[in-house]
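Computation of the quantities below employed the complete heavy-atom set of this structure, encompassing side-chain atoms and omitting hydrogens, waters and symmetry-equivalent molecules. Counting convention: from 1, in listed order, for ligands and their atoms alike. Please read all numbers here as calculations on a predicted model, not as lab measurements.
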Amino acid sequence: MPSINKCLFPVAGYGTRFLPATKAIPKEMLPIVSKPLIQYAVEEAMAAGIKGMAFVTGRGKRALEDHFDISYELEHQIAGSDTEYLLAETRHIIENCTFSYTRQIEMKGLGHAIEVGANLIGDEPFAVILADDYCVAEGDSVLTQMVKLFDKYQCSIVAIETVPKDETSRYGIIEGEEIAEAVFRVSNMVEKPVAEEAPSNLAIIGRYILTPDIFDIIRETPPGKNGELQITDALLTQAQQGKVIGYKFQGRRFDCGSVEAYIEAINYTYARQRG
Ligand code: G1P
């Protein structure tokens, strides 16, 4: 049995930076070349041995559910044609994973979104992927690397990377002691601090492994930055008990919440596909 069986995808956000493209389709359906961001995210979870995909969705997000379902008419149409293979990967995912959905009615922050997903997860450690942080790695996927670390440390893990000092206000920032190469025992974390108040320039990116006690902690955490319930604040409670590891992952991340990095991600991926 793999140690992590479920991955939570908080996908209720609006994607306003991509309007008008995201007016009627979810931002997670934006393609990198010809595959939507959410499919890369699900494939990354699968590569880490995870089969239970849990989505916290919202209004206007039904295309995500349709994507991970069979489209009889379309598949009948392309059967035997030279485009049939284009749906093979998607079909493989659908046949090998289970999908569950719940709705976040109000946007009250990432911590709130994760808590809304509690009934899809139950009492077991789980992964969280933010699909607009698109990650590519040469060997093990970023989440696979993190699951291996979880097996060793048995506590919550956050993926981190070094960011320029003037960008700390876009991320959760950690402070910690490096206890092994690329592995930090987190002692402090702050959500989106200005440069002068940032404890370091080690930023959290959208990959987490969380132990299930996080749900009760979230319920007791007051709203933080921007009046939203921040997962960073809930994790601070665990960090103060020495139970959060920050991991500088191997690979490259593109912040596909920004148009510029999204275009970069497409160019990078297209170049790789063409060899
Ligand atoms: C969220 C988290 C933040 C983290 C970031 C990674 O922020 O709150 O701590 O650094 O994801 O992408 P958001 O980008 O949703 O504002």
Exercise. Which ligand 1 atoms are under 4.0 Å away from a heavy-atom of Q230?
Worked result: 8 (O)
Exercise. Any sub-3.5 Å donor-acceptor pair from E264's side-chain atoms to F254's backbone N or O?
Worked result: no
Problem set entry | Heavy atom of protein inside 4.0 Å of atom 8 (O) of ligand 1, strictly below | yes
Problem set entry | Sub-3.5 Å N/O-N/O distance, L110 and ligand 1 | no
For this session: Would you check whether K192 reaches within less than 4.0 Å of ligand 1, judged by its heavy atoms?
Result: yes
For this session: Flag the pair K243 and D213 as a salt bridge only when some basic side-chain nitrogen lies within less than 4.0 angstrom of an acidic carboxylate oxygen.
Result: no
For this session: Check each atom of ligand 1 against the heavy atoms of Y171 and keep those under 4.0 Å away; list them by number with element.
Result: 10 (O)
Exercise. Any idea which atoms of ligand 1 are less than 4.0 Å away from a heavy-atom of G172?
Worked result: 3 (C), 4 (C), 9 (O), 10 (O)
For this session: Indicate yes or no for a side-chain donor-acceptor contact from E44 to the backbone of Y40 under 3.5 Å, with no hydrogens or angles considered.
Result: no
Problem set entry | Cation over ring face, R252 and Y268, 6.0 Å, 45° | yes
For this session: Just need the protein heavy atom nearest to atom 4 (C) of ligand 1, so name the residue and atom and give the distance.
Result: I204 O, 3.5 Å
Exercise. Do R272 and E138 sit within salt-bridge range, that is, some charged N less than 4.0 Å from a carboxylate O?
Worked result: yes
Exercise. Among all protein non-hydrogen atoms, which one is nearest to atom 2 (C) of ligand 1, and what is the separation to 0.1 Å?
Worked result: E191 OE2, 3.6 Å
Exercise. Is atom 14 (O) of ligand 1 less than 4.0 angstrom from at least one protein heavy atom?
Worked result: no
For this session: Mark up the atoms of ligand 1 that fall under 4.0 Å of a heavy atom belonging to D133, in ascending order.
Result: 6 (C), 12 (O)
Exercise. In terms of atom number and element, which parts of ligand 1 are under 4.0 angstrom from non-hydrogen atoms of L130?
Worked result: 11 (O)
For this session: Provide the number and element of each atom of ligand 1 under 4.0 Å from a heavy atom of T232.
Result: 9 (O)
Seminar exercise, completed: CZ (F126) and CG (L8) are apart, to the nearest 0.5 Å, by 6.0 Å
For this session: Measure the spacing between CD1 of I160 and CD1 of I205 and express it to the nearest 0.5 Å.
Result: 10.0 Å
Exercise. Could D216 and R219 be called an ion pair, given the rule that one side-chain N must be under 4.0 Å from one carboxylate O?
Worked result: yes
Exercise. Do NZ/NE/NH1/NH2 and the carboxylate oxygens of E178 and K248 come within less than 4.0 Å?
Worked result: no
For this session: Answer yes or no: does an N/O atom from R170 fall short of 3.5 Å to an N/O atom of ligand 1?
Result: no
